[in-house]
Amino acid sequence: MKVAMYYSLDDIRMEDMPKPKIGPDEILVEMEACGVCGSDLMDWYLRSRVPLVLGHEPAGVIVEAGKNVKDFKVGDRVFAHHHVADLKCYYCKKGDYTLCAQFRQTHLEPGGFAEFFKVAAPNLQIDTLKLPDGVSFEEATLIEPVGCCIRAQNKGGIRKGDNVAIVGAGPSGIIHAMLARIAGATHIMVTDIVDYRLKMAERLGADLTINPNKENLVERIRESTEGRGVDVVIVTAPNVKAVEDGVQIVRRGGKLLLFAPTQPDQYARLSPHSLFFSEISVIPSYSVSHVETRTALHLISSGRIKAKELITHRFPLSRTADAFQTAARTKECLKVVVLNQK
Ligand SMILES: [Zn+2]
Ligand SMILES: [Zn+2]
């Protein structure tokens, strides 16, 4: 089968690989669509593991099912989650599923940017979801990213009437804006340095957009919040500047959701003095568990999250390299999806 092998952001090669062999408790899925994630573009995050096949936002059709598999059959349309918790360790018992030791050890084999991928038993049992007829494969690629945002907002607790600022208007930033609206936020502000993305944010529901390279971010936010700053800031851009901007615009008693990592050797300047006296909470949220993927699918299938409007670019599997270049370099895009066209 053909796979897109990742060596670096600028070196993704189409290679041949044997189709994975499945065991009695596993399935083989023919990939139909797989989203390119922001984390796929973080070369520093991937460098120690190359070469590898990326793709953790896939959807497809089951083409083989092991003899012990009861709940799924050949022909089922599915989303499969690449990471699943064991549901029995200390962290799982506390609900911290994404911190479970098994979570990061589980993977789809070889990954979503391949003609076929294998879903191992734990992934199949815990977090493989059948797609309702009304949900297309493309839309299903948004289950994982929407789930990540749901998890963060559940931890951050946006309340009715809150105002929310989102730093970074990539796909996650805009999903956060949509979810904040569903949660009852009344004023949603989105900041980004790419005007295309701000326009998309406006179209998809932001009340105010700000380009901090052109306007004073802190002043604009203060003006529109009676000088207070916002109740909840969600930092989706993976850099220190975004975190430091976030702290500048959160109100006293407010919350800052840390939704993207920075590189491991980078540090932000945060003042414990002002965090303390202003009672600002910093709340990180990493990845998504089986709990939120189900909610995500429900929001997508009911049309409350307009998944289709988030997808701006599509590439065939053979052009995965171009898909990555578009997502990483031009920034004039939201969700980029790779399709396995026959
Ligand atoms: Zn992702
Ligand atoms: Zn666990």
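Numbering of residues begins at 1 and proceeds along the displayed sequence. Heavy-atom basis, side chains included; hydrogens, waters and symmetry copies ignored. Start at 1 and go down the list; that is how both ligands and their atoms are numbered.
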Inset, instruction - Working to the nearest 0.5 Å, report the span between CD1 of I158 and CZ of R181. - result: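 Interatomic distance, I158 CD1 to R181 CZ, rounded to 0.5 Å: 11.0 Å.
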Legend entry - Aromatic ring proximity Y286/Y97, centre distance under 6.0 Å: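 So the answer is no for these two rings.
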Legend entry - Within 6.0 Å of CD1 in I193, more than 12 heavy atoms from elsewhere: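 Not more than 12 within 6.0 Å, no.
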Inset, instruction - Decide if atom CZ of R304 counts as having more than 12 heavy atoms of other residues, nucleotides or ligands within a radius under 6.0 Å. - result: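 Count not over threshold, so no.
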Legend entry - Ion pair check, E64 and K118, cut-off under 4.0 Å: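 No, no charged N to carboxylate O under 4.0 Å.
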Legend entry - Flag side-chain contact, heavy atom, 4.5 Å: H107 against H83: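 When only atoms from C-beta onward are counted, H83 and H107 do touch, with a gap below 4.5 Å.
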Inset, instruction - Identify whether NZ of Lys or CZ of Arg in K130 sits under 6.0 Å from the centre of the six-membered ring of F72 and within 45° of that ring's axis. - result: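 Relative to the ring axis of F72, which defines the angle, K130 lies inside both limits.
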Inset, instruction - Could you please tell me which protein N, O or S atoms lie under 2.8 Å from the Zn ion (ligand 1)? - result: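 Near the Zn ion (ligand 1), the protein supplies C37 SG, H56 NE2, E57 OE2, E144 OE1.
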Inset, instruction - Looking only at non-hydrogen atoms, find the nearest pair between I143 and T293 and report the distance. - result: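 Taking every non-hydrogen atom into account, CG2-O, 3.6 Å.
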Inset, instruction - Would you tell me whether H81 and D127 have side-chain atoms, one donor and one acceptor, within less than 3.5 Å of each other? - result: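 Short answer, yes.
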Inset, instruction - May I ask you to determine how many protein N/O/S atoms are under 2.8 Å from the Zn ion (ligand 2)? - result: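 There are 4 of them.
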